[in-house]
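These values consider heavy atoms only, across backbone and side chains, with no hydrogens, waters or symmetry-generated copies.
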There are 2 protein chains.
Amino acid sequence: MIIKIGELAKISGCSVQTIRHYDKEQLLSAKIRSDGNFRLYDQADIERLLFIKHCRSLDLSLAEIRQLLSLNDSPMSQCDDVNQMIEQHIEQVERRIADLTQLNKQLKALRLSCNSKRTVEHCGILKQLNEAVSQTN
Amino acid sequence: MIIKIGELAKISGCSVQTIRHYDKEQLLSAKIRSDGNFRLYDQADIERLLFIKHCRSLDLSLAEIRQLLSLNDSPMSQCDDVNQMIEQHIEQVERRIADLTQLNKQLKALRLSCNSKRTVEHCGILKQLNEAVSQTN
DNA sequence: ATTGACTCTATAGTTACTATAGACTTTAAA
DNA sequence: TTTAAAGTCTATAGTAACTATAGAGTCAAT
């Protein structure tokens, strides 16, 4: 079964432009083209794209996915490499969660500092933000 | 006290380019320039930049900060506007935290699926990723 | 007068796309 | 068979918030 980019887009749920983007980025290149230069894909390409999509949903970067795909393509490489990459990725995600949690706390404190209906002149939020500034200074 | 961009950078902890960027983005424009066209800043500018920096540390976008600054500049506006913006921002942050937490769970499950030293051929992680694909399909 | 440090503008690069323009191909109907 | 619509092509610009660079000009001290 050979399909064109539009159908691949439908099947995969990626946009046409995204697929072209992955082509340019060497993640999924259409190995064959039609006489009129249209990209043609087969079953293996569909699976590869779904693999990419799944990895993206795990927030892996295109560079990381490229690495994963190349490991997948060369079966001699060590599983450790994959493990290590995932490990690093987990750390990164956890750091981001910690940052955002901290952030959330501050924002909520900020929200408490102003109970509406006053003009900005006396807005507690802006006051707080300004005070934080002079402390930092 | 009038200072040039380099000193403002030192005082604020922002890079010189970042300050120029804020200038271009109309967040902090140097109202005066030297004869040789150097940006000149005063105390109020320092405070404004620290305000911006503080907002950035709360992950507010430059657009949001611009809005906050203009509210700050026109004291007739309602505190509610500020409140609402912060509220939205909190929601956004909480959504992101939830996403990442979910993500983290999946990544950890993935990590468990391969205990190293095997060739990629039998790597549990890649296997898992591929299986997820065929399920999605 | 010259050196070195600083600053200027303009431009390109980062990430993972999305959107557009203008041209070409394919498919289906008239 | 012609034609029109839908699909596809490449190349380019835009998104966010910067960072980095090039090439030129300015300032402060020697």
Side-chain angles (χ1 to χ4, degrees), chain A residues 2-41 45 48-49 51-69 88-89 92-93 96 99-100 103, chain B residues 2-41 45 49 51-69 85 88-89 92-93 96 99-100 103:
Chain A
I2 282 177
I3 56 175
K4 283 181 290 183
I5 199 168
E7 198 172 354
L8 180 57
K10 249 179 238 153
I11 292 171
S12 66
C14 298
S15 78
V16 167
Q17 290 108 306
T18 297
I19 297 171
R20 288 204 196 102
H21 182 62
Y22 291 162
D23 192 339
K24 203 187 328 181
E25 294 292 320
Q26 322 249 40
L27 290 173
L28 177 73
S29 54
K31 292 166 288 294
I32 41 171
R33 297 274 184 131
S34 75
D35 288 352
N37 200 33
F38 284 16
R39 290 173 178 85
L40 298 175
Y41 299 96
D45 293 322
R48 193 177 174 97
L49 179 54
F51 177 89
I52 293 169
K53 204 190 167 198
H54 184 56
C55 290
R56 284 296 299 143
S57 80
L58 295 173
D59 224 26
L60 295 169
S61 70
L62 296 194
E64 287 172 318
I65 297 171
R66 200 181 352 257
Q67 199 184 332
L68 232 40
L69 284 168
Q88 274 178 16
H89 194 70
Q92 189 186 310
V93 168
R96 186 77 183 132
D99 287 352
L100 287 176
L103 187 57
Chain B
I2 282 177
I3 55 175
K4 283 180 290 183
I5 199 168
E7 199 173 356
L8 180 57
K10 251 179 235 151
I11 291 171
S12 66
C14 297
S15 78
V16 167
Q17 289 107 306
T18 297
I19 296 171
R20 289 205 195 101
H21 182 61
Y22 291 163
D23 192 338
K24 203 188 325 182
E25 294 291 321
Q26 322 249 41
L27 290 173
L28 177 73
S29 52
K31 291 167 287 296
I32 40 171
R33 297 274 184 132
S34 75
D35 289 352
N37 200 33
F38 283 16
R39 290 173 178 85
L40 298 176
Y41 300 97
D45 293 321
L49 180 52
F51 178 88
I52 294 169
K53 205 190 165 197
H54 184 57
C55 291
R56 283 296 298 143
S57 81
L58 295 173
D59 225 26
L60 296 168
S61 70
L62 297 193
E64 288 171 319
I65 297 170
R66 202 182 348 260
Q67 199 184 331
L68 232 41
L69 283 168
M85 208 197 74
Q88 275 178 16
H89 194 70
Q92 188 186 311
V93 168
R96 185 77 184 131
D99 286 352
L100 287 176
L103 186 56

Heavy atoms of A:Ser57 and B:Leu103 approach each other most closely as O-CD1, 3.5 Å

I need the CG-C1' distance between B:Asp59 and D:dC18, as an integer number of Å.
14 Å

Could you grab the distance from atom NE2 of B:His54 to atom CD1 of B:Ile65, nearest 0.5 Å is fine?
10.5 Å

What are the two closest heavy atoms between A:Arg96 and B:Asp59, and how far apart are they?
NH2-OD2, 3.5 Å

According to side chain to side chain donor-acceptor pair (under 3.5 Å), who are the partners of B:Asp23, at least two apart in sequence or on a separate chain?
B:Arg39

Report yes if a side-chain nitrogen or oxygen of A:Ser34 is closer than 4.0 Å to either non-bridging phosphate oxygen (OP1 or OP2) of D:dT8; otherwise report no.
no

With a 4.5 Å heavy-atom cut-off, do A:Tyr22 and A:Arg56 have their side chains touching?
yes

Rounded to whole Å, how long is the line connecting atom CG of A:Leu8 with atom C1' of D:dG7?
14 Å

Are OP1 or OP2 of D:dT19 and a side-chain N or O of B:Thr18 less than 4.0 angstrom apart?
yes

Grab the CG-P distance between B:Leu58 and D:dA17 for me, whole Å please.
14 Å

Please identify each residue that fulfils side chain to side chain contact (heavy atoms under 4.5 Å, CB included) with A:Ser61, with sequence neighbours left out.
A:Ala63, A:Glu64

With the criterion being N/O to N/O and under 3.5 Å, what pairs connect the protein with nucleotides 3-5 of chain C, and how long is each?
none

Do B:Lys4 and B:Leu8 touch side chain to side chain, with heavy atoms closer than 4.5 Å?
no

Assert: residue with more 5' nearest nucleotide on DNA chain C, out of A:Asp35 and A:Ser15, is A:Ser15

Under 3.5 Å, sequence neighbours excluded: what are the donor-acceptor pairs made by side chains of residues 28-38 of chain B?
from    : atom 1 : to      : atom 2 : distance (Å)
B:Lys31 : NZ     : B:Asp45 : OD1    : 2.7
B:Arg33 : NH1    : B:Asn37 : O      : 3.1
B:Arg33 : NH1    : B:Asn37 : OD1    : 3.3
B:Ser34 : OG     : B:Gly36 : N      : 3.2
B:Ser34 : OG     : B:Asn37 : N      : 3.4
B:Ser34 : OG     : B:Phe38 : N      : 2.9

Not counting sequence neighbours, which residues clear side chain to side chain contact (heavy atoms under 4.5 Å, CB included) with B:Glu7? List them please.
B:Ile3, B:Ile11

Where do B:Tyr41 and B:Ile5 land on the side chain to side chain contact (heavy atoms under 4.5 Å, CB included) test, with the steps shown first?
CA-CA 7 Å; B:Tyr41 300 97; B:Ile5 199 168; 4.1 Å; yes

Using side chain to side chain contact (heavy atoms under 4.5 Å, CB included) as the criterion, list what pairs up with A:His21, not counting sequence neighbours.
A:Glu25, A:Leu62

When you compare the side chain of B:Leu69 with that of B:Ile52, does any pair of heavy atoms fall below 4.5 Å?
yes

What's the NZ-P distance between B:Lys53 and D:dA17, to the nearest Å?
17 Å

Interatomic distance, A:Lys10 NZ vs D:dA6 P [rounded to whole Å]:
13 Å

Per the end-axis method with five pairs at each terminus, what is the bend angle of the helix from C:dA1-D:dT30 to C:dA30-D:dT1, to 10°?
40°

Rounded to whole Å, how long is the line connecting atom CG of A:Asp23 with atom P of C:dC17?
14 Å

Protein-nucleic acid N or O pairs under 3.5 Å, nucleotides 1-3 of chain D:
none

For A:Thr18, the side chain to side chain donor-acceptor pair (under 3.5 Å) test, sequence neighbours excluded, returns A:Ser15

With sugar-phosphate taken as primed atoms, P, OP1 and OP2 and all else as base, the protein-contact string of nucleotides 7-16 of chain C at under 4.0 Å (heavy atoms; B, S, -) is SBB-B----B

Drop me the distance from B:Ile19's CD1 to B:Cys14's SG, to the nearest 0.5 angstrom.
5.5 Å

